[in-house]
Amino acid sequence: MKLPAFKLERFFAKYEFKAPYLLSSSDCEAMTIEELLSLEPDAAQRFHQTWLGYTETQGNPELRQAIAQTYQTIDIEQILVHAGAEEAVFIFMNIALQPGDHLIVHFPCYQSHSTIAQSIGCEVSGWMGCEANHWELDLDWLRGAIQPNTRAIVINCPHNPTGYVMSRAKLEELIAICREHNLLLFSDEVYRFLEYRDEDTLPAACDLYENAVSLGVMSKPYGLAGLRIGWIATHNQEIYRAMAEFKDFTSICNSAPSEFLSTLALRNRDKIIQRNRAIIAANIERCNEFFSHHADFFNWAAPKGGSTAFPSLKRSIDVEEFCIDLVNQQGVLLLPGPYFDYGKQNFRLGLGRKNLPTCLEKLENYLKAIAA
Ligand SMILES: Cc1ncc(COP(=O)(O)O)c(C=O)c1O
């Protein structure tokens with residue numbers, strides 16, 4: 001299979017480690033190994049004793065136990081740990097889809113949700129969120145888009161980049177549609193637990209539907225992207241077995257130090273998630289202020305969950321030119337919407353990093369300079 005460039009990753013490869021003010025990252029504020037180990041008194045000693053041989057291909061049982069606790073109906077045999085969420089997306093698409101299959105993808109989307117399927121030879125339809133209505137998804141559109149060769153639906157709530165979270169009633173209706181048409185539901189839940197109100201946290205799709213695959217990761221709610229630990233949870237044994245067999249040709253098994261540190265983080269998940277939700281809440285307040293002062297320049301609506309938002313320019317400036325000039329002039333990195341194949345006005349803004357207020361000050365300087 002030949003894959004085209006992952007546009008967002010190529011853009012980040014150019015700027016992410018050079019630009020001093022990252023205002024478009026999707027992960028939450030990270031921490032050091034030392035900070036993580038300090039969460040439990042004997043953790044440092046246990047970490048030093050971690051055995052560096054091959055690990056269990058499904059994932060360390062203690063880690064899978066800690067992951068299982070984030071679901072209602074899932075046990076450790078239904079969790080398969082991967083090298084980040086990205087590996088799991090790649091493997092799912094490869095085992096679930098055949099050339100000629102049709103896939104419906106929540107749109108705008110994280111590129112691997114659509115590109116891998118297209119590269120396999122599938123037809124992909126974008127299920128477009130309605131920007132004018134808080135990126136709402138329309139189930140009637142979905143019903144009309146299902147074809148005899150539709151194999152799966154991909155959703156992502158909380159959504160990257162828009163921060164959309166569907167209602168529980170909508171999720172249940174969506175699952176009823178999947179059941180009726182015998183469709184797989186790939187539910188990318190990597191931003192789950194970053195909803196701003198507890199009542200907006202959806203049940204995991206795998207807890208509601210026997211043919212759903214839920215995707216989770218340490219990168220986003222836990223801010224531990226460098227561990228490269230992600231997982232799927234599913235009741236569908238056929239999908240599980242096929243993914244485990246495919247993984248023998250990719251990462252085989254996971255990094256033992258990362259599994260240790262992920263298990264530690266998950267045992268302390270409430271503390272870490274509360275810290276990250278507090279950072280996001282403060283950043284949203286700061287953004288609300290900033291964008292209300294610049295209502296002539298930007299459209300802004302606070303998202304409902306996750307660590308990203310997708311505001312837009314009101315001016316008829318090309319957003320990519322705007323972002324590139326901004327990073328060159330002030331070192332502030334925003335991600336242009338065209339990297340999500342969406343329009344020419346939107347850009348992704350990251351809400352999970354502590355230095356967002358400084359980044360906004362730099363953005364303010366830029367706006368003053370171009371207005372002068
Ligand atoms: C929606 C979504 N899914 C999957 C991933 C991949 O996560 P990771 O890079 O931690 O593997 C990302 C990363 O940005 C994402 O936003």
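In what follows, residues are counted from 1 in the order of the sequence shown.
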ask   = How many angstroms lie between atom CZ of F249 and atom CG of N94, to the nearest 0.5 angstrom?
value = 12.5 Å
inquiry  = Does any part of the side chain of V154, heavy atoms only, come nearer than 4.5 Å to the side chain of C109, both counted from C-beta?
reply    = no
ask   = With side chains defined as the heavy atoms from C-beta onward, is the minimum distance between Y222 and S262 less than 4.5 Å?
value = no
Sidechain N-carboxylate O distance under 4.0 Å for D296, R315 = yes
ask   = With a cut-off of 6.0 Å (strictly less than), are more than 12 heavy atoms of other residues, nucleotides or ligands near NZ of K271?
value = no
query = Looking only at atom types and distance, does a side-chain atom of Q111 sit under 3.5 Å from a main-chain N or O of A5, one as donor and one as acceptor?
reply = yes
ask   = Can you tell me if CD on E56 sees more than 12 non-hydrogen neighbours from other groups inside 6.0 Å?
value = yes
request  = Could you tell me how the ring of F290 sits relative to the ring of H294: parallel (under 30°), tilted (30 to 60°) or perpendicular (over 60°)?
outcome  = tilted
request  = Look at the side chain of H82 and the backbone N and O of V217, then say whether any donor-acceptor pair between them is shorter than 3.5 Å.
outcome  = no
task = Answer with yes or no whether the side chains of H113 and N156 bring together a donor and an acceptor at under 3.5 Å.
result = no
request  = Look at the aromatic rings of F347 and F291 and report parallel, tilted or perpendicular, splitting at 30° and 60°.
outcome  = tilted
key: Exceeds 12 heavy-atom contacts within 6.0 angstrom, atom CD of E285   = no
ask   = L171 and Y209: side-chain contact (heavy atoms from CB on, under 4.5 Å), yes or no, with the steps?
value = CA-CA 10 Å; L171 176 63; Y209 179 41; over 6 Å; no
query = Among N60, I79, I76, L266, which residue meets the side chain to side chain contact (heavy atoms under 4.5 Å, CB included) test with Q65?
reply = I76
task = Using distance alone, with no hydrogens and no angle criterion, decide if E62 and T263 have a side-chain donor and acceptor under 3.5 Å apart.
result = no
ask   = Side chain of E189, backbone of A205: donor and acceptor closer than 3.5 Å?
value = yes
ask   = With distance as the sole test, does T55 use its side chain to make a donor-acceptor pair with the main-chain N or O of N254 at under 3.5 Å?
value = yes
message = Could you work out, with side chain to side chain donor-acceptor pair (under 3.5 Å) as the rule, every residue matching Y342, not counting sequence neighbours?
response = E131
task = Decide yes or no on side-chain contact (heavy atoms from CB on, under 4.5 Å) for R348 and N160, but give the supporting numbers first.
result = CA-CA 9 Å; R348 186 176 79 182; N160 170 18; 3.0 Å; yes
message = Can you confirm whether the side chains of T150 and H181 place a donor and an acceptor under 3.5 Å from each other?
response = no
query = Do Y15 and L22 come within less than 4.5 Å of each other through their side chains, counting heavy atoms only?
reply = no
inquiry  = For a side-chain contact (heavy atoms from CB on, under 4.5 Å) check, start with the C-alpha distance between W127 and L139, then their side-chain angles and the critical distance, and finish with the verdict.
reply    = CA-CA 9 Å; W127 186 14; L139 288 173; 3.9 Å; yes
task = Taking atom CD of Q147 as the centre, report whether more than 12 heavy atoms of other residues, nucleotides or ligands fall under 6.0 Å from it.
result = yes
query = With respect to F340, which candidate in F11, Y110, F310 satisfies the ring pair (Phe, Tyr, Trp, His ring centres under 6.0 Å) definition?
reply = F310
remark   = In short, salt bridge (charged side-chain N to carboxylate O under 4.0 Å, His left out) pairs touching residues 10-29 with sequence neighbours left out are D27-R353
query = Are the side chain of N276 and the backbone N or O of P221 linked by a donor-acceptor pair below 3.5 Å?
reply = yes
message = Check this for me: does any side-chain nitrogen of one of E86 and R228 sit under 4.0 Å from a carboxylate oxygen of the other?
response = no
request  = Working to the nearest 0.5 Å, report the span between CD1 of I175 and CG of L185.
outcome  = 6.0 Å
ask   = Are the side chains of R64 and V81 in touch, meaning some heavy atoms are under 4.5 Å apart?
value = yes
key: E34 atom CD: more than 12 heavy-atom contacts under 6.0 Å   = no
ask   = Between I153 and V165, is there a shared hydrophobic cluster once you connect ILVMFWY residues whose side-chain heavy atoms come closer than 4.5 Å?
value = yes
remark   = Rounding to 0.5 Å, atoms CG (L326) and SG (C359) come to a distance of 9.5 Å
request  = Could you check whether the rings of F260 and F47 sit parallel, tilted or perpendicular, using 30° and 60° as the cut-offs?
outcome  = tilted
ask   = Between I272 and F193, is there a shared hydrophobic cluster once you connect ILVMFWY residues whose side-chain heavy atoms come closer than 4.5 Å?
value = yes
query = Could you go step by step and tell me if F12 and F6 meet the ring pair (Phe, Tyr, Trp, His ring centres under 6.0 Å) rule?
reply = CA-CA 10 Å; F12 273 151; F6 198 133; 9.9 Å; no
ask   = Backbone N or O of M166 within a donor-acceptor pair of the K304 side chain at under 3.5 Å?
value = no
request  = Step through the shown structure and confirm whether more than 12 heavy atoms of other residues, nucleotides or ligands are within 6.0 Å of NZ on K170.
outcome  = yes
Single-linkage hydrophobic cluster L8~F107, side-chain heavy atoms < 4.5 angstrom = yes
query = With no hydrogens and no angle check, is any side-chain donor or acceptor of T234 less than 3.5 Å from a backbone partner on A212?
reply = yes
task = Using distance alone, with no hydrogens and no angle criterion, decide if Y240 and Q58 have a side-chain donor and acceptor under 3.5 Å apart.
result = yes
key: Heavy-atom neighbours of Q49 CD exceed 12 at 6.0 Å   = yes
ask   = Between L356 and C287, is a side-chain contact (heavy atoms from CB on, under 4.5 Å) present by the stated rule, with each step listed?
value = CA-CA 9 Å; L356 176 135; C287 283; 4.1 Å; yes
inquiry  = Please check this pair: side chain of S214 against backbone of C206, looking for a donor-acceptor N/O pair closer than 3.5 Å.
reply    = yes
Distance-only donor-acceptor check, side chains E320 and Y339, under 3.5 Å = yes
task = Determine yes or no for a side-chain-to-main-chain donor-acceptor pair under 3.5 angstrom, with R192 supplying the side chain and G216 the backbone.
result = no
task = Anything under 30° is parallel, anything over 60° is perpendicular, the rest tilted; go ahead and classify F298 against F322.
result = perpendicular
ask   = Within the distance-only criterion (no hydrogens, no angle test), does the side chain of Q78 pair as donor or acceptor with the backbone N or O of A233 below 3.5 angstrom?
value = no
